Amino acid sequence: MTKVRTRFAPSPTGYMHIGNLRTALYEYLVAKKEEDGVFILRIEDTDQGRLVEGATDIIYETLKQCGLNHDEGPDIGGNYGPYVQSERMQSGVYKDYAWKLIELGGAHVCFCGEEVIEEQREIASAKNTSFKFDDPCKKLSKEEVEARVNAGEKYVIRQSIKEEGTTSFTDEVYGTITVDNITLDEQVLLKSDGFPTYNFANVIDDHMMDITHVVRGNEYLSSTPKYNLIYESFGWNIPTYIHCPPVMKDEQHKLSKRNGDASFQDLLSKGYLSEAILNYIALLGWAPETEQEIYTMDELKQAFNVKRIGTSGAIFDIEKLKWMNAVYLRNKDFNEYYDLVLPYISEAVKNDSYDKKEIAKILQPRVTILSEIHDMIDFFDTYPTYSNDFYINKKMKTDPEIALRSLIETKKLVESLTNWSQENIHDSLMNLVVEMGIKNGQLLYPVRIALSGKEFTPGGAIEIAYILGKEETLHRLDLSIAQLS
RNA sequence: GGCUCGUUGGUGAAGCGGCUUAACACAGCGCCCUUUCACGGCGUCAUUCACGGGUUCGAAUCCCGUACGAGUCACCA
C-alpha cells in the first residue's frame with residue numbers, strides 16, 4: 001500500500017474561512033490517521049486578480065495555531081516543490097502538459113473570444129434550450145492551429161470531451177456518481193495569459209505530488225468527472241475522492257467570506273480557543289462512532305473515519321461552540337487557564353491590589369468566551385451605580401428594608417474582623433446569620449449586591465469581599481447603606 | 001432550464017429492514033443543589049423520520065414519483 005498523501009490547497013484570497021479550515025482539518029486527519037501519512041500545503045494562486053496581500057501568511061499562521069502542521073509546503077520545502085502554483089508555472093509544466101493532452105486527444109486549442117461564447121449563449125436562451133458551448137475551433141486543422149499560434153494570436157486550451165458515453169466515479173462520501181458525457185462542459189485548461197485554470201493545475205499538481213486522497217467541498221462533485229477524463233487521457237491513477245458537505249450559515253446559505261460571516265480569526269479575537277473551534281468543526285458534518293464529543297487532536301486522529309462524514313449541509317451553531325469553549329476553559333489545568341485569562345483580567349481590573357488569581361478562580365466555571373470577561377468583573381475596578389430594586393428578590397426573601405439591616409450589621413462585623421481570610425469571613429458571616437435569626441440569603445444576597453452593584457456576579461458575597469479587601473468592602477458597604485437609608 | 005447532490009426535533013446528529021413507542025450532545029423548559037449567576041445532578045422536549053405511492057409478515061431504513069433546498073453549467077477557486 002502506498003503512503004497516504006493529502007493536500008490542503010487554498011487560494012490566498014483573504015481570511016481563513018470555517019469551511020475551509022474544516023477541509024484542512026479533514027485532510028490532515030486523513031493523512032495522520034496513518035503512521036506515515038503526509039499532509040501537504042500547496043498555494044493555488046493562479047488567479048492573479050484575486051490575490052490578497054498577506055493572505056498566505058494568514059494561512060501559515062492559522063495552520064500553526066490549529067496544530068495542523070504540514071509536512072511539505074512553500075515555507076518548509078519538500079521533495080515535490082515548488083509548492084506555489086505561480087512558481088511551478090515558471091518551468092512551463094502546465095503548458096507542456098496541456099499540449100501533451102492535445103496530442104492525446106483530450107484537449108484542443110481555441111481562439112474564440114468571449115463574444116463567440118456569448119452569442120451562442122444568447123441563441124440558446126432565446127430558444128430556451130440549455131447552453132453548452134460548441135467550439136468551432138475543434139474543427140480547425142492542425143496546420144491552421146499551428147500557424148495562428150505561431151503568428152502570436154491569443155488562444156486558450158480547452159478540454160475536449162466526446163459526446164457519447166458516460167463517466168462514473170466513486171466518492172468515499174457520496175458513493176458512485178455517473179454523468180452523461182454530453183452534459184460535461186469543455187472547460188478552459190490553460191488561460192490566454194498562460195496560467196492554468198484551477199481545474200487543470202489541480203489535476204496536474206495532484207498527480208505530480210502523488211496525492212492519494214483528494215478532500216474538498218462538494219461543489220466540486222459535478223466537475224470531478226471532467227478531472228477524471230483528464231487523468232484517463234494521461235493514463236494516470238485517479239485519487240480517492242472525499243467530498244465534504246458544506247458548512248452553512250442557515251438552511252439556505254453557506255458560510256462565506258463574502259457575507260462577512262465569522263472567520264477563524266474573528267472567532268479567535270472573540271475569545272474562542274483554537275482547540276475548541278477545531279473540535280467543534282470536526283463534528284460539523286462528521287459523526288464519531290462513540291458518544292464522545294470532546295477530542296484532543298490525537299484522539300481525533302484515532303477516531304476519525306471518512307465513512308462517517310455526512311452528505312447534507314451542517315449549520316454552524318455558535319451556541320454549541322460556546323458551550324464547547326467553556327468546557328475547554330473549565331477543564332484546563334488552572335495555571336494554563338490562568339495564563340490564558342490573565343490578560344483579559346488585567347484589562348478589566350487595573351487595580352493591582354486585587355488578587356488576580358482569586359478573580360480567575362471564581363471565573364473559571366463561569367466563562368464561556370474570553371471576551372465576556374470584561375463585563376463580568378469590571379465592577380471590581382469601578383463601583384457601578386445601581387438601583388435599590390436589586391435588593392428585591394423573592395426567592396432569597398429579601399427587600400431593601402431587610403437589606404439595610406443586614407448591611408448595617410455586616411458593616412459592624414467587618415469593622416471588627418482582624419483576620420481577612422475567606423474562611424474567617426465565611427464563618428463570621430454565617431454566625432451573624434444565626435445571631436440575626438434570618439436566612440443565609442437575606443444576609444448574603446444583599447451584601448453581594450452592595451459589594452458589586454450588580455445583579456449577577458461571578459462568585460458570591462464572601463469571595464467578592466475577600467478579593468475587595470477590608471477597606472474597600474467597608475467603603476462599598478457605607479455607600480450602599482447611605483443609598484438605602 | 002440541463003445535470004449532480006441532498007431532506008431524521010430549534011441546532012449538530014445516531015440509526016442502514018424487526019432490538020426504535022428514534023440514541024447522544026447543544027439550545028429551551030422544569031426541578032434539585034446553592035449566598036446571585038454559573039458548575040453539578042435530575043427530568044422534559046420528534047407516536048415520528050419532507051410528501052405521496054410501492055415492495056415486505058414488518059420501512060426512518062429498499063424502490064418509484066412529487067415537493068423543497070443546495071451545487072454546477074466562468075479565461076474563479
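Everything numeric in this text was worked out from a predicted model, so none of it was measured. Throughout, a chain's letter reflects where its sequence line sits, starting with A, and its residues are numbered from 1.
- Side-chain nitrogen and oxygen atoms of R330(A) include none within less than 4.0 Å of the OP1 or OP2 phosphate oxygen of C39(B).
- Figure legend. C3(B) is base-paired to G71(B); pairs are counted as Watson-Crick or G-U wobble with both atom distances under 3.5 Å.
- Because its NZ or CZ atom is both nearer than 6.0 Å to the ring centre of F111(A) and within 45° of the ring axis, R148(A) counts as a cation-pi partner of that residue.
- One finds no side-chain N or O of S452(A) lying less than 4.0 angstrom from the OP1 or OP2 phosphate oxygen of U36(B).
- Residue R216(A) is classed as having no contact, given no heavy-atom separation below 4.0 Å to the nucleic acid.
- Base pairing of U66(B): its partner is A50(B), meeting the Watson-Crick or G-U wobble criterion (both donor-acceptor distances under 3.5 Å).
- If you check every strand for non-hydrogen atoms under 4.0 Å, I462(A) touches a base.
- On the C1' atoms, G15(B) is 15 Å away from C62(B), given to the nearest whole Å.
- Nucleotide U44(B) has G28(B) as its partner under the Watson-Crick or G-U criteria, with both atom distances under 3.5 Å.
- Residue-level contact check: S312(A) touches the backbone only, with heavy atoms under 4.0 Å from sugar-phosphate atoms and none from bases.
- Between Y227(A) and Y198(A), the ring-plane angle classifies as perpendicular under the 30° and 60° cut-offs.
- As rounded to whole Å, 19 Å separates atom P of C76(B) from atom CD1 of I43(A).
- When each of G40(B), A77(B), A23(B) is scored by its nearest atom to the side-chain atoms of Y220(A), the top-ranked nucleotide is A77(B).
- Residues N202(A) and H253(A) both approach RNA chain B. Their nearest nucleotides, taken by heavy-atom distance, put H253(A) toward the 5′ side.
- Residue contacts for T178(A): at a heavy-atom cut-off of 4.0 Å it reaches the sugar-phosphate backbone alone, with no base atom in range.
- One atom, CZ of R121(A), and another, C1' of G2(B), lie 14 Å apart when rounded to the nearest Å.
- C39(B) and C45(B) have their C1' atoms separated by 23 Å, given to the nearest Å.
- The number of heavy-atom neighbours closer than 6.0 Å to OH of Y386(A), taken from other residues, nucleotides and ligands shown, is above 12.
- Checked against U35(B), C39(B), G12(B), the side chain of E463(A) finds its nearest nucleotide in U35(B).
- Among the protein residues, M396(A) comes within range of the sugar-phosphate backbone only, with heavy atoms under 4.0 Å from sugar or phosphate atoms but none that close to a base.
- Counting non-hydrogen atoms under 4.0 angstrom, V179(A) reaches the backbone sugars and phosphates but no base.
- Contact annotation: K191(A) side-chain N/O to A77(B) OP1/OP2 distance is under 4.0 Å.
- Checked against the 6.0 Å centroid criterion, the rings of F169(A) and Y241(A) qualify as a close aromatic pair.
- Among the nucleotides C73(B), C39(B), A27(B), the one closest to the side chain of D185(A) is C73(B).
- Closest contact between the side chain of E44(A) and the listed nucleotides A77(B), U36(B), U7(B) involves A77(B).
- Across all strands shown, U55(B) forms no Watson-Crick or G-U wobble pair with both distances under 3.5 Å.
- Side-chain nitrogen and oxygen atoms of K226(A) include none within less than 4.0 Å of the OP1 or OP2 phosphate oxygen of U72(B).
- Atom-to-atom distance recorded for D333(A):CG and Y338(A):OH is 13.5 Å, nearest 0.5 angstrom.
- Looking at L329(A) and L340(A), their side chains come closer than 4.5 Å, going by heavy atoms from C-beta outward.
- Checking the phosphate oxygens (OP1, OP2) of U36(B), no side-chain nitrogen or oxygen of R366(A) falls inside 4.0 Å.
- For the pair I309(A) CD1 and C5(B) C1', the computed distance is 16 Å after rounding to whole Å.
- Each of K138(A), H108(A), K132(A) was evaluated against E186(A); a single residue qualifies, K138(A), per the side chain to side chain donor-acceptor pair (under 3.5 Å) test.
- The nucleotide whose nearest atom lies closest to any side-chain atom of Y198(A) is, among A77(B), U35(B), G6(B), A77(B).
- Remark: the K254(A) side chain and the A70(B) base include no donor-acceptor N/O pair separated by less than 3.5 Å.
- A distance below 6.0 Å separates the ring centres of F334(A) and Y337(A).
- If you check every strand for non-hydrogen atoms under 4.0 Å, C110(A) touches nothing.
- The backbone N or O of S86(A) sits less than 3.5 Å from a side-chain atom of D45(A), completing a donor-acceptor pair.
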Which pairs would a plain distance check flag for residues 310-322 of chain A, meaning a side-chain donor or acceptor within less than 3.5 Å of a matching protein atom at least two apart in sequence or in another chain?
residue: D317(A); atom: OD1; partner: E319(A); partner atom: N; Å: 3.2
residue: K320(A); atom: NZ; partner: E293(A); partner atom: OE2; Å: 2.9

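- Summarising the geometry, the separation between CG on D427(A) and C1' on U35(B) is reported as 14 Å, rounded to the nearest angstrom.
- Straight-line distance from the CG atom of D317(A) to the C1' atom of G9(B): 13 Å, rounded to whole Å.
- Candidate nucleotides C75(B), A77(B), A38(B) were compared by shortest atom distance to the side chain of I117(A), and C75(B) ranks first.
- For C37(B), the OP1/OP2 oxygens have no side-chain nitrogen or oxygen of R448(A) closer than 4.0 Å.
- The nearest whole Å value for the distance from the CD atom in E172(A) to the P atom in C5(B) is 16 Å.
- Residue T311(A) places its side chain closer to U7(B) than to any other of U7(B), C5(B), G71(B).
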Problem - nucleotides 61-69 of chain B: protein proximity per nucleotide (B base, S sugar-phosphate only, - neither; heavy atom, under 4.0 Å) - result: --------S

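- Residue contacts shown for N199(A) include a base, since a base heavy atom lies under 4.0 Å away.
- A donor-acceptor contact under 3.5 Å is formed by the side chain of S192(A) with the base of C75(B).
- Nearest to the side-chain atoms of A287(A) among the listed nucleotides A13(B), C26(B), C39(B) stands A13(B).
- Base pairing of G9(B): no nucleotide in any strand meets the Watson-Crick or G-U wobble criterion (both distances under 3.5 Å).
- Side-chain atoms of E293(A) lie closest to G12(B) of the nucleotides G12(B), U35(B), G71(B).
- The CD-P distance, from E186(A) to G2(B), rounds to 21 Å in whole Å.
- Rounded to whole Å, atom P of C76(B) lies 12 Å from atom CG of L189(A).
- In this structure C33(B) sits in no base pair that meets the Watson-Crick or G-U test at under 3.5 Å.
- Heavy atoms of G285(A) sit under 4.0 angstrom from primed sugar atoms or phosphate atoms, though from no base atom.
- Mapped onto RNA chain B by nearest heavy atom, Y227(A) and W286(A) fall at different nucleotides, with W286(A) at the one closer to the 5' end.
- Side-chain rings of W286(A) and Y26(A) stay apart, their centers remaining 6.0 Å or farther from each other.
- In the set U7(B), C75(B), A25(B), the nucleotide with an atom closest to the side chain of W323(A) is A25(B).
- Taking the P atom of each, G10(B) and U48(B) are spaced 13 Å apart, rounded to whole Å.
- For the pair T224(A)/R216(A), a side-chain contact is recorded, criterion being any heavy-atom separation below 4.5 Å from C-beta on.
- Using a 4.0 Å heavy-atom criterion, one finds that K395(A) contacts the bases of the nucleic acid, with or without backbone contacts as well.
- If you check every strand for non-hydrogen atoms under 4.0 Å, A314(A) touches sugar and phosphate atoms only.
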